[in-house]
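These notes concern the structure reproduced below.
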Amino acid sequence: MSSEQLPAEATSSKPLRVAVVGAGPAGFYATEALLKAREDVSVDLFDRLPTPYGLVRFGVAPDHQKIKSVTRLYERALNDSRTRLFGNVELGRDVTHDDLQRHYHAVLYAVGSANDRRLGLPGEDLAGSHSATEFVAWYNGHPDYCDATFPLDATDVVVIGMGNVAIDVTRILAKGHQELAVTDMADHALEELKGSAALRITMIGRRGPAEAKFTTKELRELGELLNADIEVAAEELELTPESAAAAAADATTAKNVEVLNAFAQQQPSGKPRTVALRFLLSPVELLGSDRVTAVKVERNELVATDDGYIRAVGSGEFETIPAQLVFRSVGYRGSALGGLPFDERRGVIPNVDGRVVGDGVVGEQGQPLAGTYVAGWIKRGPSGVIGTNKADAMQSATALLEDFDAGRLAKSDRSALELPAIDELLASRGARPLNAEAWFALDQEELAAGVAQGRPRVKRVRWAELVDEPSGGND
Ligand code: NAP
């Protein structure tokens, strides 16, 4: 295509200006895709938290350091002169969707799914019943959760759910202090967990072993714990013909079933703790008067529906599992953002390949909202591992670039696109953004403190020490 054929915006000496909201994996992969695709682009990366990397810092388990090395790629994006980080800037409080629309050609939301899903059961709000989200955020040093408390005097813990988050929570509870003390777990959690009385941690899944959502590597780790024996009942591993067919058709499922059968053969070796995996049990009530004492569960049978989904159906047979601490680990849910459409049923922002489309309340149903994109969990729902976000974000970035090149992101008010305009707006609102330099200084400090203690890093966790002490706006 000759330069005469290109739309005016694309041939202009002004770069493409993009705001990415959410500095987690999806936000960074989208940024990386934009930076790679064209020289004349600038990306401002916003996050309400003072530190970048989202779930890599606050979700990935502290004993899974290798997964965290992915941040080296994100650092490269932060070190690119075309990127600016605005940490500690909250959408809705400091800046709105309309502001961002005015100041950028395009806005890409990669805000994840911050809320935990609820079970809707009697007793769910009893003391001692918590979401796994809360516990994970607490032990990872999320500044909103560092004062959370959990009854760690519990000897029996139940974790509801058969996903990787349930495994993370179970493994962290099953590990001893010495194993955790070499990680970057937040100091407050390390200290509290030292006194944990947990003896038996039971994960419960409403469906069978072939329907479990965890990955095999994570499952295997449960059988290699220094402090805990694994317990699986062989009779709960029997597969219906439909589940056996599903297992045969999927390598991860087949491996999971194989590992679980091997676990069922193991004899306890006298380790202080036990991790039990129970299948085909749906929680129906959390029992207790002033705090939870047990989980009442109903045994299920599996029924294949016409569309191939394997559903759990109650058998009318009940059992009570003692628990003074319960973690609900049944997935996450996105929440609506002011000024943007939302799909209440799926908990995502409606979109087609990353282009946000109207929901009939905001924008015309199914029609693209100019210059607005999504990537990551808020786009597709809370599924996949960190790497899954790469292709997902690339798809959204490609849609954005296509729209820019086709002249669909033209702006009438060019002055709002000038670099200082957004900084001035934030200053007028009293926002105190933290830039990449401030983050790198904090990072160095945390890493150095880690070296001194033989740990990967020692995290700063409180808002005051994260926001008040570092200095550095984008100037
Ligand atoms: P998940 O994988 O969706 O698992 C949720 C679990 O909760 C499923 O077993 C589900 O069972 C169960 N569940 C849902 N509603 C329930 C109900 N009403 N009653 C009983 N059980 C219910 O979610 P997640 O564990 O939160 O993980 C989110 C994503 O993060 C996943 O993609 C996961 O792989 C990823 N992640 C990865 C890692 C890692 O790579 N190490 C670590 C953590 C998280 P059904 O299947 O029957 O619905």
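Ligands are counted one by one from 1 in listed order, and the atoms in each one are counted from 1 as well.
- At a cut-off of 3.5 Å, with distance as the only test, a side-chain donor of Glu221 or His64 sits close to an acceptor on the other residue.
- Partner Gln324 forms a side chain to side chain contact (heavy atoms under 4.5 Å, CB included) with one of Val158, Val292, Thr293, Thr155 and no other, that one being Thr155.
- Under the salt bridge (charged side-chain N to carboxylate O under 4.0 Å, His left out) criterion, no residue pair touches residues 211-220, with sequence neighbours excluded.
- Taking the six-membered ring where tryptophan is involved, the planes of Tyr53 and Trp439 are perpendicular, since the angle between them exceeds 60° and thus also 30°.
- Ring orientation note: the planes of Tyr139 and Phe135 are nearly perpendicular, at an angle over 60° on the 30°/60° scale.
- Looking at Tyr145 and Asn140, their side chains never bring a donor and an acceptor atom within 3.5 Å of each other.
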N/O to N/O under 3.5 Å, ligand 1 against protein:
| residue | atom | partner | partner atom | Å |
| --- | --- | --- | --- | --- |
| ligand 1 | 9 (O) | Met162 | N | 3.0 |
| ligand 1 | 15 (N) | Arg206 | NH2 | 3.4 |
| ligand 1 | 18 (N) | Arg206 | NH1 | 3.4 |
| ligand 1 | 25 (O) | Asn164 | N | 3.4 |
| ligand 1 | 25 (O) | Val165 | N | 3.1 |
| ligand 1 | 32 (O) | Gly384 | N | 2.7 |
| ligand 1 | 32 (O) | Gly384 | O | 3.0 |
| ligand 1 | 34 (O) | Asn164 | ND2 | 3.0 |
| ligand 1 | 41 (N) | Glu218 | OE2 | 3.0 |
| ligand 1 | 46 (O) | Arg207 | NH2 | 2.8 |
| ligand 1 | 46 (O) | Lys213 | NZ | 3.3 |
| ligand 1 | 47 (O) | Arg206 | NE | 2.8 |
| ligand 1 | 47 (O) | Arg207 | NE | 2.8 |
| ligand 1 | 48 (O) | Arg206 | NH2 | 2.7 |

